[in-house]
There are 4 protein chains.
Amino acid sequence: MAATRTIGVAIDGATGRLGTTQHLRALLAIRDEGGLALANGDRLVPQPTLLGRDAEKVAALAAARGGLDWSTDRDACLADPAIEIYFDATPTGGRAKRGAAAFAAGKHVYVEKPVAETLDEAIAFARAGARAGRKGGVVQDKVFLPGLRKLNKLYEAGFFGRVTSVKLDFGWWVFDGELYPSQRVSWNYRKAAGGGLILDMFAHWRYVFDQVLGPIKSVSCRHMTAQPRRRDEAGRAFDVDVDDHAFAMLELEGGVLAQVSSSWATRVKRDDLLQIQVDGSAGSAVCGQHRCFIQPLVATPKPLFGPDFPANMPYHEQWQEVPDMEPQQNGYRAGWELFLRHVAEDAPFPGTLLEGAKAVQLAEACYRSDAERRWIDLPPLAL
Amino acid sequence: MAATRTIGVAIDGATGRLGTTQHLRALLAIRDEGGLALANGDRLVPQPTLLGRDAEKVAALAAARGGLDWSTDRDACLADPAIEIYFDATPTGGRAKRGAAAFAAGKHVYVEKPVAETLDEAIAFARAGARAGRKGGVVQDKVFLPGLRKLNKLYEAGFFGRVTSVKLDFGWWVFDGELYPSQRVSWNYRKAAGGGLILDMFAHWRYVFDQVLGPIKSVSCRHMTAQPRRRDEAGRAFDVDVDDHAFAMLELEGGVLAQVSSSWATRVKRDDLLQIQVDGSAGSAVCGQHRCFIQPLVATPKPLFGPDFPANMPYHEQWQEVPDMEPQQNGYRAGWELFLRHVAEDAPFPGTLLEGAKAVQLAEACYRSDAERRWIDLPPLAL
Amino acid sequence: MAATRTIGVAIDGATGRLGTTQHLRALLAIRDEGGLALANGDRLVPQPTLLGRDAEKVAALAAARGGLDWSTDRDACLADPAIEIYFDATPTGGRAKRGAAAFAAGKHVYVEKPVAETLDEAIAFARAGARAGRKGGVVQDKVFLPGLRKLNKLYEAGFFGRVTSVKLDFGWWVFDGELYPSQRVSWNYRKAAGGGLILDMFAHWRYVFDQVLGPIKSVSCRHMTAQPRRRDEAGRAFDVDVDDHAFAMLELEGGVLAQVSSSWATRVKRDDLLQIQVDGSAGSAVCGQHRCFIQPLVATPKPLFGPDFPANMPYHEQWQEVPDMEPQQNGYRAGWELFLRHVAEDAPFPGTLLEGAKAVQLAEACYRSDAERRWIDLPPLAL
Amino acid sequence: MAATRTIGVAIDGATGRLGTTQHLRALLAIRDEGGLALANGDRLVPQPTLLGRDAEKVAALAAARGGLDWSTDRDACLADPAIEIYFDATPTGGRAKRGAAAFAAGKHVYVEKPVAETLDEAIAFARAGARAGRKGGVVQDKVFLPGLRKLNKLYEAGFFGRVTSVKLDFGWWVFDGELYPSQRVSWNYRKAAGGGLILDMFAHWRYVFDQVLGPIKSVSCRHMTAQPRRRDEAGRAFDVDVDDHAFAMLELEGGVLAQVSSSWATRVKRDDLLQIQVDGSAGSAVCGQHRCFIQPLVATPKPLFGPDFPANMPYHEQWQEVPDMEPQQNGYRAGWELFLRHVAEDAPFPGTLLEGAKAVQLAEACYRSDAERRWIDLPPLAL
């Protein structure tokens with residue numbers, strides 16, 4: 001007969017934005033639905049313990065969620081046998097060390113991206129998991145975006161014919177704290193805390209390309225600090241010592257070229273904050289986070305170009321929307337379901353720590369490409 | 001008292017698309033308005049002679065325009081003292097040699113871009129003009145586009161504050177001749193004729209950047225042949241041996257980064273075939289060939305990013321259009337007026353052959369960057 | 001050197017609707033543009049002679065078109081050596097006999113469809129042309145409709161994948177002359193004059209299917225007289241003794257099924273008076289006379305069906321329009337150009353009299369299918 | 001004084017889509033409103049017992065509906081005297097036998113359509129009911145659709161004048177399970193389970209025609225398997241051995257012709273998934289499941305047809321909508337109310353098993369017409 005068992009999950013950084021609004025919410029939703037149904041019919045109920053530095057904030061959040069366990073003592077959590085999974089959503093700096101410590105304490109470890117600040121650390125972290133015989137994983141929420149799912153279907157259906165090029169544009173304007181408060185936490189802009197746009201966002205682009213758009217072989221990247229002086233949460237001015245804007249070119253397997261722009265200092269006149277265009281011999285697609293539009297070869301228009309012809313076609317209207325075919329999944333919850341099954345019944349899990357290391361590899365290659373002003377290849381990684 | 005004098009202009013390649021629909025049209029318009037009023041009140045009336053290889057086509061065009069002079073003999077034209085200006089709008093291949101020969105014959109020389117296929121040829125061409133003591137010039141039509149003029153005004157007014165980055169997207173889908181005839185002449189796709197997208201289009205981007213967006217210091221470029229097999233005007237299949245798609249990153253003076261995409265193999269879901277975005281600390285602009293939209297810092301929105309927030313703002317509507325303030329100029333005619341004044345009264349002329357050589361320098365650097373997989377600097381040029 | 005020669009064309013039935021508004025107009029347009037340019041550079045100028053029964057009307061039309069030749073004596077026209085082409089746009093009854101007489105007089109013969117009222121007559125007519133060594137042809141104007149051209153491109157591009165079924169809906173409400181005058185000539189409703197909707201319209205469907213949608217192998221048809229009592233041009237009531245409404249099913253080569261509705265007694269709530277839907281494994285198209293819309297598999301929606309779900313999707317908006325890629329041709333003029341070249345330089349001509357006979361074969365099979373209440377096969381035809 | 005009594009209803013196939021979302025819901029709604037008010041003022045409360053093969057699923061559904069009786073033992077249910085009505089919503093295969101067994105056990109029998117897979121079985125089933133002296137009935141939900149009700153009113157009001165023709169279009173694209181999961185259960189595509197579009201949908205068309213559009217006298221039908229290979233619920237590929245697409249022509253009493261298209265492999269560019277057009281001398285109607293539009297003779301437009309006239313009228317806008325005049329009924333619930341009254345107080349019931357047999361007769365005639373390539377008459381049926 002079907003059994004129900006609980007599994008303790010420590011959420012480090014529970015009071016952060018992602019920790020609260022995404023991960024804790026996802027776990028509580030699974031819990032409140034009676035747990036996750038496993039393949040054998042059993043139900044697995046996650047039991048969160050909130051972990052943080054500011055006792056007052058952690059306690060308040062725990063209370064507001066109906067009285068959850070909470071702590072400010074990471075070591076104590078790791079020593080608690082009821083906690084089987086350690087999850088880290090704190091700032092990036094030190095993540096690999098925290099994760100390795102959790103492995104050493106016998107925990108399974110699930111972390112926000114990037115898994116580390118350097119490739120060496122990332123590999124060491126992944127190896128620590130392998131040595132400990134515990135499961136490790138990194139959040140890969142973007143592949144669950146409806147727009148990305150639709151794009152994936154187009155690839156699957158062979159819609160593009162031969163894909164020739166890809167463009168990914170991401171970003172919006174993050175205020176510097178002068179006129180309006182910044183919409184991002186200040187540690188994103190500090191090197192010591194593991195900040196930097198490339199480290200943050202190219203961690204996403206790595207799995208988005210590898211899983212949907214085509215594996216990345218090489219990168220040429222250039223970054224800058226568009227807003228070098230900011231004010232933090234307390235209104236204190238500080239100098240930004242990391243990148244907040246990057247342009248890159250990628251070479252994908254099969255010879256496809258990709259162009260990427262990612263910026264916290266750009267203004268948006270396109271359909272979505274994240275927009276991906278794929279051009280192919282048989283058709284093109286332009287997708288945002290949720291919507292996706294296609295233009296097949298047979299409906300491709302023949303615009304006139306010349307000084308006497310202003311935009312003489314409604315270019316935005318010459319695309320057909322791909323309808324919603326599947327119920328939308330929250331990517332964070334979907335990731336938790338996958339990781340819980342990975343832990344509980346050894347189900348396959350795409351976001352292994354090796355994949356997380358690949359994301360760090362890409363970021364590192366971007367920084368090196370900028371420094372050396374040349375293309376950097378991404379060699380295969382293994383543990 | 002004001003005098004009227006005529007000036008003979010040989011239009012080589014008059015029956016080509018640009019030759020007929022732009023340059024000949026521009027000269028006839030100036031002629032039909034009684035000539036160009038010079039600074040001293042005199043009027044200068046251009047008298048075109050059509051030059052081409054296909055006698056029947058040239059004769060037909062000459063007849064259709066009310067009986068113009070025409071010829072298929074370039075040498076005879078160059079020997080004709082009534083012809084003071086030699087203009088070349090034939091395919092790029094051999095342009096520098098044709099121009100140098102015209103200089104040698106004592107003509108002033110005005111040419112379509114690019115001025116040559118290699119930087120060495122371009123410099124030699126420019127020097128030939130200097131030696132001959134004749135005026136030389138290259139067409140730079142894009143700066144007269146209303147959208148570029150508006151963008152220029154925004155720079156002039158200091159609208160952007162500190163400019164941080166620029167994006168230029170250009171292109172549309174050029175059919176390969178299978179399903180529909182190609183919209184571009186086949187020589188654009190043949191190396192021997194001086195084809196290639198970079199050679200063609202980056203000739204524009206050089207002066208657009210140098211004059212409007214900021215002088216280019218360095219380039220990293222990657223190109224490809226997205227459509228390797230095409231059919232020509234006669235329906236014959238041929239292999240494309242040049243690039244039809246390029247991604248590039250540019251470093252501008254002052255540390256501004258720019259990203260460029262130029263393609264004859266992309267489909268368009270944006271406002272215009274050519275679109276330039278400039279981001280700055282005080283505001284951003286997105287301009288097409290004719291229209292230009294701005295978003296100042298004080299009207300910059302604060303969009304939410306997250307899987308639960310689909311494109312929840314009308315991003316396209318959060319921009320304000322820059323109104324039309326000047327009558328629209330046709331860039332080709334404006335270029336002719338500038339060059340005619342340059343010849344007749346030594347008025348300043350922005351599109352010197354040295355500037356034309358810079359465009360070739362950029363194209364050459366792009367090709368070299370692709371080959372050597374690194375950034376290429378653009379050193380200053382001089383005669 | 002290029003020569004210009006005239007070719008006399010007798011237009012029988014010039015004062016009829018099609019004769020005046022389409023055929024005479026087309027010939028005069030060709031004439032007024034200096035004739036048709038042949039492959040060798042010569043120009044062929046058609047010289048129309050108007051032929052009709054009502055001298056007053058014919059003379060008036062000839063005068064209104066700048067003083068054309070005209071006659072009411074068909075035999076005299078056929079005896080005139082300056083007339084090389086006899087064209088028949090009079091009512092269908094007797095057409096094959098008139099055409100055969102023209103062949104006998106040494107003329108080339110071009111006719112409106114249907115070429116005859118019975119298959120035997122049609123074959124005899126085609127054979128008369130072969131015996132006389134003269135060119136024969138039938139008008140096939142519908143394939144030049146922009147909508148049909150676009151549909152053809154979709155087939156050419158393989159858009160449909162495996163085509164499974166076709167639907168053709170044609171018709172509108174033709175008033176019976178009581179409340180409003182009829183919009184069709186009364187002979188369309190009289191058997192003795194060669195009337196009948198099937199004989200008239202299935203003559204089109206035969207070549208539309210054979211050339212675009214797939215060759216017809218078999219037909220099952222049912223017709224009726226929806227409006228059995230009408231008033232003619234003079235307001236006189238008469239009994240309709242032919243069909244004005246038909247439903248049919250067709251089997252095409254390759255096993256594709258088609259459904260056809262054609263009616264002069266139906267009201268229209270669709271995009272166009274003529275609408276064709278093609279369904280295939282990879283996509284569908286819905287085309288009218290001019291516009292064409294597609295829905296590829298990857299953008300096919302998943303509507304809900306059930307009593308609680310009213311039309312809950314904007315079904316009309318889930319299609320993408322195929323853009324206009326070619327200049328529109330008038331099908332009647334295009335037919336004349338093809339036939340003139342066929343006569344003057346033996347250029348290929350799709351609408352031979354054998355093809356015209358196939359159209360009559362289809363109509364005859366429709367009538368027989370109705371009478372015998374079974375499917376009728378269409379065996380191959382030859383002269 | 002008014003009495004309340006319960007009546008036991010066994011729902012066979014309760015966990016199927018129709019069983020759960022329509023029939024069980026309808027019965028519970030009647031129950032929860034205190035039962036059905038009979039003519040004498042008594043209230044009849046249906047008490048459902050859920051019957052199915054998968055104990056876990058049946059039990060879960062019973063629990064989720066507040067603890068209903070349930071069983072996996074059909075014989076036991078039939079032996080239970082508290083159960084007076086046996087209702088069958090399982091797959092079609094074997095329905096007539098199940099129903100006959102229920103009659104033999106003394107139950108009243110109500111079934112989903114079609115009542116059987118062959119006419120002989122259907123007649124035998126109906127006779128079994130007559131012999132047993134029990135009431136039998138078949139679901140006829142479509143006549144309660146608001147669109148059909150409005151259409152019925154138009155007939156009743158004599159709106160059409162003399163009806164001349166009818167067109168019924170039904171269908172949408174059912175995915176084959178490759179790119180997206182199929183929206184229909186796989187047994188619909190298996191002959192052994194009673195699948196096939198004609199058997200499924202023409203069961204509806206029979207009573208829709210007989211009750212609303214005119215009794216069917218004869219049919220000519222052609223079917224095909226548009227998607228011959230599919231994946232089932234478990235993702236297993238299988239070969240389809242029944243029809244999923246049919247074209248038909250019908251002859252109705254009074255000489256009216258009808259054309260029917262029904263397909264699970266078509267894409268929809270019309271107002272609704274089910275659309276019926278009725279043309280008559282005094283007006284026409286185009287109705288979907290819910291909405292209905294009319295165009296009377298006096299508002300019929302006079303469109304121009306010709307190559308120079310693209311769709312030059314807004315054909316969709318030239319119709320007037322029939323307003324909603326009655327509250328919408330759910331057809332499944334309405335059917336239950338009728339059948340319960342039929343059982344409880346011998347009220348008249350349109351969907352007798354003889355009518356159900358007529359639907360099977362039509363399907364059988366369709367298949368035979370396809371095989372014999374001719375029209376098949378539908379003789380009157382009697383028990």
Side-chain angles (χ1 to χ4, degrees), chain A residues 146-163 212-213 271 276-288 290-305 309 311-329, chain C residues 146-163 212-213 271 276-288 290-305 309 311-329:
Chain A
L148 271 284
R149 301 276 299 176
K150 291 169 185 171
L151 193 51
N152 201 49
K153 277 288 176 191
L154 294 173
Y155 276 94
E156 202 180 301
F159 168 76
F160 298 113
R162 183 173 42 84
V163 171
V212 181
L213 304 168
D271 297 350
I276 300 173
Q277 173 158 357
V278 178
D279 284 316
S281 57
S284 297
V286 174
C287 300
H290 288 75
R291 305 177 72 179
C292 183
F293 297 84
I294 59 170
Q295 186 178 91
L297 178 66
V298 293
T300 299
K302 197 174 66 174
L304 293 172
F305 182 68
F309 312 110
N312 61 337
M313 283 184 164
Y315 301 121
H316 286 285
E317 297 166 27
Q318 295 171 323
W319 297 72
Q320 181 175 11
E321 183 161 13
V322 175
D324 287 312
M325 299 296 285
E326 304 171 326
Q328 185 183 336
Q329 281 187 290
Chain C
L148 271 284
R149 301 277 299 175
K150 291 170 186 171
L151 192 52
N152 202 48
K153 276 288 177 193
L154 294 173
Y155 275 94
E156 204 179 299
F159 167 76
F160 298 113
R162 182 173 45 84
V163 170
V212 180
L213 304 168
D271 296 350
I276 299 173
Q277 172 156 356
V278 178
D279 284 316
S281 58
S284 298
V286 174
C287 299
H290 288 74
R291 306 178 73 181
C292 183
F293 297 83
I294 58 170
Q295 185 177 92
L297 178 66
V298 293
T300 299
K302 197 174 67 173
L304 293 172
F305 182 68
F309 313 109
N312 60 336
M313 284 182 162
Y315 301 120
H316 287 285
E317 296 166 29
Q318 296 171 323
W319 297 71
Q320 181 174 13
E321 182 160 13
V322 176
D324 287 313
M325 299 297 286
E326 305 172 325
Q328 185 183 338
Q329 282 186 289

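Each chain gets a letter, A, B and so on, in the order its sequence line appears, and its residues count up from 1. As the structure is a prediction and not an experimental result, all values here were calculated from the model.
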Exercise for the section: Could you tell me the separation between the CG atom of A/Leu151 and the CG atom of A/Leu213, rounded to the nearest 0.5 Å? Expected result: 5.5 Å

Exercise for the section: Below 4.5 Å from any heavy atom of chain A, which atoms of C/Glu317 appear? Answer side chain, backbone, both or neither. Expected result: neither

Completion exercise
Scored by heavy-atom pairs under 4.5 Å with chain C, the best of A/Gln320, A/Lys302, A/Lys150 is A/Gln320

Handout entry: Heavy-atom pair of closest approach, residues A/Phe293 and A/Trp319
Key = O-CE3, 3.6 Å

Practice task
Identify the two heavy atoms, one from C/Pro301 and one from A/Pro323, that lie closest to each other, and give their separation to 0.1 Å.
Solution key: CA-CG, 3.6 Å

Completion exercise
For C/Pro146 and C/Gln328 the tightest heavy-atom approach is CG-CG, 3.5 Å

Practice task
Find the one option among A/Pro296, A/Ala299, A/Ala157, A/Cys292 whose heavy-atom pairs under 4.5 Å with chain C are most numerous.
Solution key: A/Ala299

Practice task
Find the distance between CZ (A/Arg149) and CD (A/Glu326) and round it off to the nearest 0.5 Å.
Solution key: 4.5 Å

Practice task
Mind ranking C/Leu297, C/Ile294, C/Asp324 by heavy-atom pairs under 4.5 Å with chain A and telling me who comes out on top?
Solution key: C/Ile294

Exercise for the section: Side chain from CB out, backbone as N, CA, C, O: work out which of these in C/Glu156 comes under 4.5 Å of a heavy atom of chain A, or both, or neither. Expected result: neither

